[in-house]
Number of protein chains: 2
Amino acid sequence: MGAKTDTREKILNTAASLFQKNGYHATGLNEIIRESESPKGSLYYHFPNGKEELAIAAVTLAGSMIQEQIEEKLARDSDPAQAIKHYILDLADSFEEENPDNQVSLSLLALEIAPIRDSLRDACKQVFELCADTYYRKLITCGFPEEKAKEISSIIFVMIEGAMSVSLVRNDPVMLVAVAEQISILLNN
Amino acid sequence: MGAKTDTREKILNTAASLFQKNGYHATGLNEIIRESESPKGSLYYHFPNGKEELAIAAVTLAGSMIQEQIEEKLARDSDPAQAIKHYILDLADSFEEENPDNQVSLSLLALEIAPIRDSLRDACKQVFELCADTYYRKLITCGFPEEKAKEISSIIFVMIEGAMSVSLVRNDPVMLVAVAEQISILLNN
DNA sequence: GTCTATATACGGATAGAC
DNA sequence: GTCTATCCGTATATAGAC
């Protein structure tokens, strides 16, 4: 093995990166195979259902990577409010950088592909759930009551995703900073 | 006059509706002229710069309509927390309905078109600003200090847009309800 | 499993009659 | 100002050699 899954991985990584950055409809399969230096035949060999199947795999991969990043960064502070604030400020800091692993927004891709088909919507729902659940577990670990943690973790996900959208549109991370400042208020009530 | 601007208006309204609902790249000009029952020649007569010019006009129109709806609904309650909560719960209620004037999310369209060109990004920024400013003016009217109002109004816009995105992806308005419940906490701190 | 050539449809845009 | 016919590029997808 090794080379066996290598082509598939290259295609998938490239697709996930381009889909997240430019969106689903704006990204052509030709662009994906060019950037990943893979032939089109391999794409359809590994993803027989074409672009939609690739989208499901891509949103799932992107979600996992984001989830891992959240988890890792939340572990740096024991205080949950501080940890989450710290994480969001890091997002703001890395906003200018262009390297692909800093792409932490799922909204564009999810909003585009969810309406296409139920299977795509389900994949998006799962990814959203996964991210929110990472905040949830942090809050539980820190002693928050279950109900409160459930409520707050969803709100945090919504605020971050909303602030990311606004920041991307405005091309300016100040909205993320503003949201970071609200976290402690949110958690202490 | 009357018939003179009628064609333009029909094209623009249809475009704004389809762009908001399905997104920019997923909506073809052919679809717009078919749905608006206008010939393609008229589209390029009224919007010589084609799809991009239409997108600017559409996002601006959509923003104005949303802004008016926010303003109108916030006027129903004198207490700002109550007014905003009431407005968000209305959004949740109207979530199932399909008529076009209930499309109150700008994120999909804005995230798609902002990166295309600066003129499109600027139009999106202005629209976002317009909406947030409506919350701002409500807060000022109700006696909030300027700085606090500025801060909170942005957060409210972010939370609503984020909750709308999540609700659209999940096809379920519960996230809007959850956000509505947080408004009073946000305003009383 | 890999790769290229090709099929087919549709995208945005334009020309030019009326 | 209105409308149709058409251009050209690119999109997704497939066929079939290797």
Side-chain angles (χ1 to χ4, degrees), chain A residues 1-59 108-109 112-117 119-120 123, chain B residues 1-59 108-109 112-117 119-120 123:
Chain A
M1 69 156 250
K4 205 186 296 186
T5 59
D6 193 44
T7 302
R8 198 193 119 99
E9 296 295 296
K10 252 191 343 190
I11 292 172
L12 178 54
N13 284 325
T14 305
S17 177
L18 290 173
F19 282 160
Q20 248 187 290
K21 190 170 152 59
N22 303 326
Y24 178 76
H25 295 289
T27 304
L29 296 185
N30 296 328
E31 195 181 350
I32 294 171
I33 60 118
R34 191 186 338 118
E35 193 117 339
S36 68
E37 295 171 308
S38 312
K40 190 172 285 193
S42 297
L43 191 156
Y44 278 96
Y45 173 77
H46 292 291
F47 302 92
N49 284 3
K51 200 179 185 183
E52 292 186 8
E53 184 175 353
L54 197 48
I56 294 178
V59 78
L108 172 58
L109 179 54
E112 281 187 289
I113 71 175
I116 293 175
R117 197 179 295 280
S119 55
L120 303 197
Chain B
M1 71 156 249
K4 205 186 298 186
T5 58
D6 194 43
T7 302
R8 199 194 117 98
E9 296 294 296
K10 247 185 355 185
I11 292 172
L12 178 53
N13 285 325
T14 305
S17 177
L18 290 173
F19 283 160
Q20 249 186 292
K21 191 170 152 61
N22 303 326
Y24 179 75
H25 294 291
T27 305
L29 296 184
N30 296 326
E31 193 181 351
I32 293 171
I33 60 119
R34 191 186 337 118
E35 193 117 338
S36 68
E37 295 171 310
S38 311
K40 191 173 284 195
S42 297
L43 189 157
Y44 277 95
Y45 173 78
H46 292 291
F47 303 92
N49 284 1
K51 200 180 185 183
E52 292 186 9
E53 185 176 352
L54 198 47
I56 293 178
V59 77
L108 171 58
L109 179 54
E112 280 187 291
I113 71 174
I116 293 176
R117 197 180 295 278
S119 56
L120 303 197

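Chain A is the first sequence line, chain B the second, and so forth, proteins listed ahead of strands; every chain is numbered from 1.
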Checklist entry - According to a strict under-4.0 Å criterion, is His25(A) in side-chain N/O contact with OP1 or OP2 of dG11(C)? => result no
Could you pull out all donor-acceptor pairs under 3.5 Å where a side-chain atom in residues 47-56 of chain B meets a protein atom, sequence neighbours excluded?
unit_1   : atom_1 : unit_2    : atom_2 : d
Lys51(B) : NZ     : Tyr24(B)  : O      : 3.0
Lys51(B) : NZ     : Thr27(B)  : O      : 3.0
Glu52(B) : OE1    : Arg117(B) : NE     : 2.6
Glu52(B) : OE1    : Arg117(B) : NH2    : 3.4
Glu52(B) : OE2    : Arg117(B) : NH2    : 3.3
Glu53(B) : OE1    : Asn49(B)  : N      : 2.8

Item to check | salt bridge (Lys or Arg N to Asp or Glu O under 4.0 Å): pairs with one or both residues in residues 25-35 of chain B, sequence neighbours excluded | outcome: none
Checklist entry - With respect to the phosphate group of dA11(D), does any side-chain polar atom (N or O) of Asn30(A) fall under 4.0 Å of OP1 or OP2? => result yes
Checklist entry - dT12(D) C1' sits how many Å from Phe47(A) CZ, rounded? => result 16 Å
Next on the checklist: If you take any heavy atom closer than 4.0 Å to DNA chain D, which residues from residues 32-44 of chain B end up in contact?
Outcome noted: Pro39(B), Lys40(B), Gly41(B), Ser42(B)
Item to check | Integer-rounded Å distance: dA11(D) P and Glu31(A) CD | outcome: 8 Å
Checklist entry - Can you name the side chain to side chain donor-acceptor pair (under 3.5 Å) partners of Lys40(A), sequence neighbours left out? => result Asn30(A)
Item to check | Between dG12(C) (P) and Leu54(B) (CG): distance, integer Å | outcome: 10 Å
Checklist outcome for this item: Rounding to 0.5 Å, atoms OG1 (Thr7(B)) and CG (Leu12(B)) come to a distance of 12.5 Å
Next on the checklist: Could you tell me if the side chain of Leu108(A) sits less than 4.5 Å from the side chain of Gln20(A), heavy atoms only?
Outcome noted: no
Next on the checklist: Using OP1 and OP2 only, check whether a side-chain N or O of Thr7(A) sits under 4.0 Å from dT2(C).
Outcome noted: yes
Checklist entry - Please give, in whole Å, the distance from dG1(D) P to His46(B) NE2? => result 7 Å
Next on the checklist: Between C1' on dA11(D) and CG on Leu18(A), what's the gap in Å once rounded to a whole number?
Outcome noted: 16 Å
Checklist entry - dA11(D) C1' sits how many Å from Glu52(A) CD, rounded? => result 14 Å
Item to check | Separation of atom NZ in Lys51(B) from atom C1' in dG11(C), rounded to whole Å | outcome: 8 Å
Item to check | Residues that Ser36(A) engages under side chain to side chain contact (heavy atoms under 4.5 Å, CB included), provided they are two or more places apart | outcome: Ile11(A), Thr14(A), Ser38(A)
Item to check | Minimum-distance pair of heavy atoms, taken over all atoms of Ala26(B) and His25(A) | outcome: CB-NE2, 3.7 Å
Checklist entry - Can you check whether Tyr45(B) has a side-chain N or O nearer than 4.0 Å to OP1 or OP2 of dT2(D)? => result no
Next on the checklist: Can you measure Ile11(A) atom CD1 to dT12(D) atom C1' for me and round it to whole angstrom units?
Outcome noted: 15 Å
